[in-house]
Asks: 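Okay, here's the structure, questions in a sec.
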Amino acid sequence: MRNTTKLTTAVLAAGALTLGLTACGAGGDSASDTSGPLVVAASPTPHAEILTFVKDNLAKDAGLDLEVREFTDYVTPNTATEDGSVGANYFQNQPYLDDFNKKRGTHIVPVVTVHLEPLGLYSKKVKSADALKSGATIAVPNDSVNEARALKLLEAGGIITLKDGVGNEATPADITNNPKNLKFKELEAAQTPRSLDDVDAAVVNGNYAIEADLSPAEDALVLESAKNNPYGNFLAVKEGDEDDPRVEKLAELLTSAEVKKFIEDKYDGSVIPSF
């Protein structure tokens, strides 16, 4: 039986506070108490699914007590890891984490990279990127890193051109050539697949595409290349917890041959092992 707690953002925020207060009352937080289960915050798909595979098939034999908590946003997993409500998280890539730590003053660090979810451009109205009409509206994630990543994807697809040397903070203002006069609708990343009925196309993160029954390998008009890609998703902890024996054990299991086969079999190219 799957023992995974699914939480909405609002419930998570309240739960994180409650857990934090409980931990303080007990004389420590969940990250510093290595005798209990390792609680890992994760996006539902594919992160929590991968962790649940580890929990159900590998953790017991490895002596790891693992608890998986599903988060539906890209903020609470890091803040919960920072305040000790959870011991680790698994949902993000390095550019996003660097930006988050800088803006929020958090101290989250990567432990081991597990997989890549290729970013894709999707549409319910056209069958190819070339078929986008002049003045079409494209939805893009509104957080700075994923928006820049989306714009770079469109550039790689020959749809727009960005200013030379633009980094991970690129915005539509950095577009130097937009031959179709495309318009951009900035939305929370989780909302981009839901916008497909209202816009001409949307750039969607891999995990949200899968949740929306989109196949990155089959449905994307333009798909991110896995070669030399800096956006691999990793297990992360608060700085100082890298040597927690539970974290080390989970890192080993997440990069095992069994997990690699699970990812390849279950996601059929929509999620790609990075180890």
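Residue numbers run from 1 in the order of the sequence given.
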Asks: Is there side-chain contact between Leu121 and Val203, with at least one heavy-atom pair below 4.5 Å?
Replies: yes
Asks: Considering residues, nucleotides and ligands other than Asp164, do more than 12 of their heavy atoms fall under 6.0 Å from its CG?
Replies: no
Asks: So do Leu64 and Arg246 actually touch side chain to side chain, heavy atoms under 4.5 Å?
Replies: yes
Asks: Tell me whether Ile138 shares a hydrophobic cluster with Val166, the cluster being built from Ile, Leu, Val, Met, Phe, Trp, Tyr side chains joined at under 4.5 Å.
Replies: yes
Asks: Under 4.5 Å between side-chain heavy atoms, counting indirect links through other Ile/Leu/Val/Met/Phe/Trp/Tyr residues: same cluster for Phe234 and Leu51 or not?
Replies: no
Asks: Could you pull out all residues at least two apart from Asp61 that satisfy salt bridge (Lys or Arg N to Asp or Glu O under 4.0 Å)?
Replies: none
Asks: Tell me, do Leu221 and Leu132 make a side-chain contact under 4.5 Å, heavy atoms counted?
Replies: no
Asks: Count the heavy atoms of every other residue, nucleotide or ligand shown that sit under 6.0 Å from CD of Glu169, and state whether that count exceeds 12.
Replies: no
Asks: Which pair of non-hydrogen atoms, one from Asp241 and one from Val247, has the smallest distance, and what is that distance?
Replies: O-CG2, 3.9 Å
Asks: Side chain to side chain contact (heavy atoms under 4.5 Å, CB included), that's the test. Do Asn93 and Asn233 meet it? Break it down for me.
Replies: CA-CA 5 Å; Asn93 57 55; Asn233 283 205; 4.1 Å; yes
Asks: Which residue in the set Leu97, Thr81, Asn101 passes side chain to side chain contact (heavy atoms under 4.5 Å, CB included) when paired with Thr106?
Replies: Asn101
Asks: Between side-chain atoms of residues 213-220 and protein atoms elsewhere (two or more places apart, or another chain), which donor-acceptor pairs fall under 3.5 Å?
Replies:
unit_1, atom_1, unit_2, atom_2, d
Ser215, OG, Glu218, N, 3.3
Asp219, OD2, Ser215, N, 2.7

Asks: State the CG-CG distance between Leu235 and Leu38, to the nearest 0.5 angstrom.
Replies: 7.5 Å
Asks: Decide, yes or no, whether a salt bridge links Glu224 with Arg149 under the criterion of side-chain N to carboxylate O below 4.0 Å.
Replies: yes
Asks: Step by step, work out the side chain to side chain contact (heavy atoms under 4.5 Å, CB included) result for Asn89 and Ile108.
Replies: CA-CA 9 Å; Asn89 68 56; Ile108 312 300; 4.2 Å; yes
Asks: For residues Ile50 and Ile210: do they belong to one hydrophobic cluster (side chain heavy atoms under 4.5 Å, members Ile, Leu, Val, Met, Phe, Trp, Tyr)?
Replies: yes
Asks: How many angstroms lie between atom CG of Leu153 and atom CG of Asn146, to the nearest 0.5 angstrom?
Replies: 11.5 Å
Asks: Just wondering, are more than 12 heavy atoms of other shown residues or ligands nearer than 6.0 Å to CD in Glu248?
Replies: yes
Asks: Hey, are the side chains of Lys133 and Lys180 touching, using non-hydrogen atoms and a 4.5 Å cut-off?
Replies: no
Asks: For the residue pair Asn168 and Asp99, confirm or rule out a side-chain donor-acceptor distance under 3.5 Å.
Replies: no
Asks: In terms of hydrophobic clustering (I, L, V, M, F, W, Y; side-chain heavy atoms under 4.5 Å; direct or indirect links), are Ile263 and Tyr231 co-clustered?
Replies: no
Asks: Search all heavy atoms of Leu196 against all heavy atoms of Ala201 and return the closest pair with its distance.
Replies: CD2-C, 4.3 Å
Asks: Rounded at 0.5 Å granularity, tell me how far NZ in Lys238 sits from CD in Glu82.
Replies: 4.5 Å
Asks: Are the side chains of Thr161 and Glu155 in touch, meaning some heavy atoms are under 4.5 Å apart?
Replies: yes
Asks: Given the rule in the side chain to side chain contact (heavy atoms under 4.5 Å, CB included) test, do Thr176 and Leu162 qualify, once you have shown the distances and angles that lead to the verdict?
Replies: CA-CA 5 Å; Thr176 57; Leu162 293 171; 5.8 Å; no
Asks: If you look at every heavy atom in Leu223 and Gly120, which pair is closest and at what distance?
Replies: CD1-CA, 4.1 Å
Asks: Classify the ring geometry of Tyr96 against Phe91: parallel below 30°, tilted from 30° to 60°, perpendicular beyond 60°.
Replies: perpendicular
Asks: Would you indicate whether the side-chain heavy atoms of Asp200 and Leu182 approach each other to under 4.5 Å?
Replies: no
Asks: Report yes if the side chains of Asp244 and Val237 come closer than 4.5 Å at any heavy-atom pair, otherwise no.
Replies: no
Asks: Do Asp83 and Ser85 meet the criterion of a side-chain donor-acceptor pair at a distance under 3.5 Å?
Replies: yes
Asks: For the pair Glu147 (side chain) and Val145 (backbone), establish whether a donor and an acceptor sit closer than 3.5 Å, ignoring hydrogens and angles.
Replies: no
Asks: Show, in sequence, the C-alpha distance, side-chain angles and deciding distance for Asn142 and Gln191, and conclude whether the side chain to side chain contact (heavy atoms under 4.5 Å, CB included) test is met.
Replies: CA-CA 10 Å; Asn142 65 0; Gln191 300 296 324; over 6 Å; no
Asks: Just so I know, are the side chains of Leu119 and Val222 near enough to count as touching, which here means a heavy-atom distance under 4.5 Å?
Replies: no
Asks: Test: ring pair (Phe, Tyr, Trp, His ring centres under 6.0 Å). Region: residues 184-215. Which pairs qualify, not counting sequence neighbours?
Replies: Tyr74-Tyr208
Asks: What are the two closest non-hydrogen atoms of Asn207 and Thr45, and how far apart are they?
Replies: CB-O, 2.5 Å
Asks: Does Val199 belong to the same Ile/Leu/Val/Met/Phe/Trp/Tyr cluster as Tyr122, with side-chain heavy atoms less than 4.5 Å apart forming each link?
Replies: no
Asks: Is the number of heavy atoms from other residues, nucleotides or ligands under 6.0 Å of Lys125 NZ greater than 12?
Replies: yes
Asks: How about NZ on Lys260, more than 12 heavy atoms from neighbouring residues, nucleotides or ligands closer than 6.0 Å, or not?
Replies: no
Asks: If a pair satisfies ring pair (Phe, Tyr, Trp, His ring centres under 6.0 Å) and one of its residues is in residues 161-180, list it, with sequence neighbours excluded.
Replies: none
Asks: So does Val140 get a backbone contact from the side chain of Glu186, meaning a donor-acceptor N/O pair under 3.5 Å?
Replies: no
Asks: For residues Ala131 and Val126, report the shortest heavy-atom separation together with the two atoms involved.
Replies: O-CG1, 3.6 Å
Asks: Which atom names give the shortest non-hydrogen contact between Phe100 and Asn78, and what distance separates them?
Replies: CE2-CB, 3.4 Å
Asks: Can you tell me how far apart CG (Leu58) and CD (Glu252) are? Round to the nearest 0.5 Å.
Replies: 10.5 Å
Asks: Mind checking what makes ring-ring contact (aromatic ring centres under 6.0 Å, His included) contact with Tyr90, not counting sequence neighbours?
Replies: His47, His115
Asks: Return yes if some donor-acceptor pair links the side-chain N/O of Thr255 with the main-chain N/O of Ala251 below 3.5 Å, else return no.
Replies: yes
Asks: Only distances under 3.5 Å count here; give the side-chain donor-acceptor pairs of residues 266-275 to other protein atoms, sequence neighbours excluded, each with its distance to 0.1 Å.
Replies:
unit_1, atom_1, unit_2, atom_2, d
Tyr267, OH, Glu49, OE1, 2.4
Ser270, OG, Tyr267, O, 3.4
Ser274, OG, Leu116, N, 3.3

Asks: Is it true that a side-chain atom of Lys55 and a backbone atom of Leu66 form a donor plus acceptor pair closer than 3.5 Å?
Replies: yes
